[in-house]
Protein chains: 2
Amino acid sequence: MEFEAFTAQELAAYLGGVPDVRALLGDPDDLEVAEVGDGNLNYVYFVTNAKAPERSVVVKQAPPFLRLVGKTWPLSCQRMEHEVAALRRFGALCPQHVPKVYHADSKRFLMVMQRLASHRILRQGLMDGATYPRLADHLSTYLAHTLFYGSDLFLAPDIKKQAAGAAVNSELCKITEDLVFTFPFEDHPSNVYSPALPKAAIERLRTNEPLRIAAADMKWVFMNHAETLLHGDLHTGSIMVNEDETFVIDPEFAFYGPMGFDVGAVIANLLLAYFSRDWHGRIDGRDPGPYQEWLLEQMVRIWSGFNTQFLELWRDHESRSKRRFIGGQAESRAVAAYRAHFMRRLLADTLGFAGCKMIRRIVGMAKVAEITRVPDAEARARIEVRCLRCAEALLVQRATLGDIGRVAMLAREIQRDGATI
Amino acid sequence: MEFEAFTAQELAAYLGGVPDVRALLGDPDDLEVAEVGDGNLNYVYFVTNAKAPERSVVVKQAPPFLRLVGKTWPLSCQRMEHEVAALRRFGALCPQHVPKVYHADSKRFLMVMQRLASHRILRQGLMDGATYPRLADHLSTYLAHTLFYGSDLFLAPDIKKQAAGAAVNSELCKITEDLVFTFPFEDHPSNVYSPALPKAAIERLRTNEPLRIAAADMKWVFMNHAETLLHGDLHTGSIMVNEDETFVIDPEFAFYGPMGFDVGAVIANLLLAYFSRDWHGRIDGRDPGPYQEWLLEQMVRIWSGFNTQFLELWRDHESRSKRRFIGGQAESRAVAAYRAHFMRRLLADTLGFAGCKMIRRIVGMAKVAEITRVPDAEARARIEVRCLRCAEALLVQRATLGDIGRVAMLAREIQRDGATI
């Protein structure tokens, strides 16, 4: 059967037939349906009771193709099941940062979820120079809880292996394998280069051996290290914020993968915001420096907060269970030393993934608005070259930087030294 | 239903009812059934036509418990399905080194396989000081083919993820997680220490931080890095040899894990044979030196041959498919550099696993005969201390040794310097 998107009336009638949703929204005749055009993959609707606008939900439906491209890029509708399962799992672990799922229909590849009406997409907020005082705490809490509780540090090994098997998500992983880890480093037709980006910068992505080796290492890690249930696409467009709250949405790329991939996505997007701020600040007539420092501060606080909370969860769990991952029943110097070592290794993965994610946003098909909205080609290219230099340093030096403070210093140096290859 | 092992008559009658097996063996009334007592996990029978002894098969049946321990250690019979699936897969990749499966019965957890009548267990051969001129070539061929063709370097990513899901083997992996990576490093009741093993050597396994960190790293890698379909228990008791042929048997521990685990198992067992040779050679009235050098030579040739063949398979496949794992269609310096880097990383994993496997054979529950058969407690402890020193060096220096030749040098130094902690 050919896929047909719902008309507004059909969707209202459908929702009226689901008792739990009807209880939330009220009479189907009062419902207003607005299609939101910003989904890359899916159809997304806001459905609101016109007589009581606080009664509102989001409906998300997966068509059997990539919506951004159309029917020429088929995509299995099963992705909605991955998203629902991940939202439920993350919601159980971290209810304050994950929208509630009210209803899921696996036959129609559709779900009804909490409307975040007073929140906006973080990427938009950062482009406007907004600050969010609780963002770093919230994201580090979300990351620590979701990444720890899916892993062998918490789950019994058989349960973890079962969970990893259930979360296999080949189709969406393939998109990441190609678009993040492969195409940017070759002469691929899907790559998009901005007009003033120097040829040398593009060439360097294809020929620089340490960079190519590091990127291939990260691809191998992405494909093979089934450490925990990841969000899988945790950029600043998947985060909704206001002054008080932070929600992580859209986990359709969820799968069992390396912990550093989610943390790295957050860091990459903060760094893209940092380098592009130079232009956004100036056209607003503001010195970009203070906001750039705020962005770096968030990066440092997110990693540090994540590191602290993850270690707390780990220690508390092992203290209660009286078993240590490395063996033994009691805390010891070796136990503590291994945990610190584990976090250093995780930071290295994180920085490697951050580098790959920055590169794909510069030369790959899917861009980020803070860079594409820079209308001056030369100014844009200067931002892009800085992003590429930073990404290369993160990849090549990922195991030696050793400290998130040094990542912030690296970003400042690249910002200051200018945009030469 | 309580498990009851077959009587000889019942087994002969059962085999007579399987047309393919009957064709191989002939009249059930002519069959002789001999139970072979050397399986740790399973019941194993040789079934032979008394009138035509060349008509002979092996029957293997999994009882619902660990045979070595008995009904107090329950174990799912599904392990037989893992073994059959792995034998068929490895047999397709490497028919000359894997026994044929003639018949598998998933209801009775039983299989009928090729009898290797002119071959013996490699561990026994090494204890007798036998040499096998083709062993290193055969094992490196087996390792290169089985490890390469199960991985993302060859399989399409969706097929690989499907294969990894189908090979989940939680129950037997748990045995390895506990007995190889956890219990040896703690004061665990299942550990068995030989009487003269110095307390300091045992204490060191529990307190030495770099060693504990390295062992925990390897445990994490074992549990998380789903690189390829492994044999999972590739010690010298799982290899059958004669002058001309080499077969790898007993893959019930098969699962998707890190490539270095299988290669490391082979190397660990050659090193255990090396250090114990000092005693076996002397009581045979022979200078142990030349045979010890032969053992190290096999270790070096197995790694080198594996390295060469694995790279050949990789290059050939990418040349035919016109796609490189790291991106790009053509060979380039970066492509070659990544492959070399990949093999260095794989050697590091290999040495780390070899270290863990040596340690578990010294202090863990399951020992190896070349060491337990040393009756002189002091002589045995000297061998054990050398094994532990070598294992620690392999674990802690796994990423810096960088070359299998240096591993051989390390072993010679430890042999020469004597057995002090």
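Chain A is the first sequence line, chain B the second, and so forth, proteins listed ahead of strands; every chain is numbered from 1. Predicted model only: the values in this text are computed from it and were never measured.
Contacts with chain A were tallied for B:G165, B:A166, B:P157, B:A214; B:P157 has the most, counting heavy-atom pairs under 4.5 Å. When the candidates A:E171, A:K160, A:Q329, A:H188 are compared by the number of heavy-atom contacts under 4.5 Å with chain B, A:K160 comes out ahead. Considering only heavy-atom pairs separated by less than 4.5 Å from chain A, the leading option among B:F342, B:F185, B:Y256, B:F181 is B:F342. In terms of heavy-atom pairs under 4.5 Å with chain B, the best-connected choice from A:L211, A:I213, A:N169 is A:I213.
For a residue to count as touching a neighbouring chain, one of its non-hydrogen atoms must lie under 4.5 Å from one of that chain's; by this rule B:S151 touches chain A with the side chain only. For B:K219, the parts lying near chain A are the backbone and the side chain together; criterion is any non-hydrogen pair under 4.5 Å. With a threshold of 4.5 angstrom between heavy atoms, B:D158 approaches chain A through its backbone and through its side chain. Neither the backbone nor the side chain of A:A215 comes within less than 4.5 Å of any heavy atom in chain B.
Counting only heavy atoms from C-beta outward, the side chains of B:R333 and A:R212 never approach each other to under 4.5 Å. The shortest side-chain heavy-atom distance between A:R206 and B:S332 does not fall under the 4.5 Å cut-off. Contact annotation: the side chain of B:R323 approaches that of A:E186 to within less than 4.5 Å [non-hydrogen atoms, C-beta and beyond].
The nearest pair of heavy atoms linking A:T182 to B:G327 is CG2-CA, 3.6 Å. Residues A:E227 and B:N224 come closest through the heavy atom pair CA-OD1, 3.1 Å. In terms of heavy atoms, B:E209 sits closest to A:A337 at OE1-CB, 3.3 Å.
Under the 30°/60° scheme for interplanar angles, the aromatic rings of B:W220 and A:F325 are found to stand perpendicular.
Taking CG of A:D217 as the reference point, atom NE2 of B:H341 lies at 3.0 Å (rounded to 0.5 Å). Atoms CG and CE, on B:D152 and A:M223 in that order, are 3.5 Å from each other to the nearest 0.5 Å.
For residues 348-356 of chain B, a heavy-atom distance under 4.5 Å to chain A picks out no residue at all. Of all residues spanning residues 310-318 of chain B, none has a heavy atom less than 4.5 Å away from chain A's heavy atoms.
A 6.0 Å sphere centred on CD of B:E331 holds more than 12 heavy atoms belonging to other residues, nucleotides or ligands.
Salt bridge B:K161/A:E177: present, at least one basic N to carboxylate O contact under 4.0 Å.
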